[in-house]
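Below is one structure, written out as structure tokens; the observations come after it.
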Amino acid sequence: LSPPEEEQVAEANPDDALQSLTPTLLPDLGFQELVFGHTLGTGAFSTVRHAWHIHRGKAKATWPAYAVKCISTTTIRDMGYEASVRREVAVLRVLSHPGVARLVASFRWRDGAYLVLEYASKGDLHSQIAAQGKLDETCTRFWMGEVTAALQAVHDTGFVYGDLKPENILLTEGGHAKLGDFGAARPATEKAKEMVSASSTAIKNMRCGDWRVKMGVALPEEEQDRRGEDQAESLEESDTDDGRMEGTACYLAPELARGAPTSIAGDCWALGCTIYQCFVGHPPLLADTQEMAIDRIVGFTPASLEFPADFSPDGKDLVLALLNPDPERRLGAGPRGLEEVRDHPFFSGLDIPALYRLEAPAAA
Ligand code: ADE
């Protein structure tokens with residue numbers, strides 16, 4: 001017998017470690033393999049539903065859970081929403097980062113298009129801030145560090161996120177922050193535009209599941225009751241019932257409020273608003289109506305922004321650098337991009353790329 005060969009210990013590739021933190025792609029997953037639960041959120045054109053991936057012979061408790069964004073075909077057609085869904089699918093397909101709620105599958109079924117996304121069980125950052133009043137510096141640094149890393153990955157891929165706000169930052173079971181809802185994402189580079197047009201067939205080719213084929217599958221009785229026609233009918237859009245202002249203008253940068261398109265600089269402004277909100281409990285330019293918010297934003301001067309006495313000094317410096325009314329001089333919008341934000345003293349001592357491998361603060 002020859003001696004066992006010396007074990008080859010491969011050099012750990014940090015990218016592999018990050019990859020393993022994101023769920024696997026399931027290109028064949030269809031409507032018929034999902035059981036839908038309650039509504040997790042509603043947008044202007046879509047509803048996000050909690051769903052489980054049925055695994056026959058296993059208890060429901062072990063079925064993987066997903067968040068499924070459901071968009072009716074009528075909405076897609078009538079609202080000219082096809083390009084938007086196409087962009088969302090395109091950006092999610094190319095983005096593989098632990099700070100992005102991953103697209104696991106996408107398909108069409110009957111009257112709807114469905115995006116199956118990684119589920120974040122601890123809800124969104126808005127609810128987290130609301131539950132606690134405001135966040136402490138440790139949580140803010142950790143979660144905003146993760147958001148900065150995720151946003152940087154979006155920018156590096158050539159996209160603008162377009163709708164950064166605490167409602168769109170999701171927290172996982174382990175307490176890590178992920179960007180959800182890429183409905184406002186736009187390509188910012190020629191390469192990204194090509195990626196979007198290359199996926200122009202994405203929706204047309206979304207796999208069409210046939211529910212009837214699977215009707216004979218033995219499901220636990222209570223699950224059988226919930227499926228079928230009713231399930232599809234109940235996927236229609238509904239208004240938000242938690243009183244939040246839909247499509248709030250509070251996070252818009254001044255140039256966007258004046259009509260400029262979404263941009264990397266706009267994402268940086270929204271990051272500044274979000275960091276302020278973590279510390280204070282509300283966004284810096286809070287207003288009762290969209291019009292009032294726009295007025296406040298357009299007339300904003302950094303010197304007028306009030307900071308509570310206990311606001312971290314480095315945090316204040318970072319917020320003011322991100323809330324620079326001049327997009328050309330805003331932190332994160334220069335040639336080094338969000339690297340400038342990562343290097344800010346507010347994040348000193350924090351290994352931002354490593355955060356997703358570290359223990360996260362406990363979400364409420
Ligand atoms: N609400 C919207 N998207 C979600 C997700 N991916 N996980 C949990 N809740 C959500």
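In listed order, ligands and their atoms are each counted from 1.
- Scanning the protein for heavy atoms near atom 6 (N) of ligand 1, the closest one is Glu118 O, 2.8 Å.
- Protein heavy atom nearest atom 9 (N) of ligand 1, with residue, atom name and distance: Leu40 CD1, 3.6 Å.
- In Asp181, neither the side chain nor the backbone holds a heavy atom less than 4.0 Å from any atom of ligand 1.
- Looking at atom 2 (C) of ligand 1, its nearest protein heavy atom turns out to be Val48 CG1, 3.7 Å.
- Applying the ring-ring contact (aromatic ring centres under 6.0 Å, His included) criterion to Phe182, with sequence neighbours excluded, gives Tyr161.
- Taking the six-membered ring for Trp and the full ring otherwise, His50 and Phe36 have centroids separated by 6.0 Å or more.
- Listed by chain and residue number, Glu137, Phe279, Asp314, Phe346 satisfy the side chain to side chain contact (heavy atoms under 4.5 Å, CB included) test with Ser312 (two or more places apart in sequence, or in another chain).
- The closest non-hydrogen atom to atom 5 (C) of ligand 1, taken over Ala101, Ser121, Ala67, Gly43, comes from Ala67.
- Applying the 4.0 Å criterion to heavy atoms of Tyr119 picks out, from ligand 1, the atoms 7 (N), 8 (C).
- The two atoms that bring Ala253 and Gly266 nearest to each other are CB-CA, 4.2 Å, heavy atoms only.
- At a heavy-atom distance under 4.0 Å, no atom of His50 approaches ligand 1.
- Protein heavy atom nearest atom 8 (C) of ligand 1, with residue, atom name and distance: Ala120 O, 3.1 Å.
- If you check the side chains of Glu146 and His176, you find a donor sitting under 3.5 Å from an acceptor.
- Relative orientation of the Phe311 and Tyr276 rings is tilted, given thresholds of 30° and 60° on the angle between their planes.
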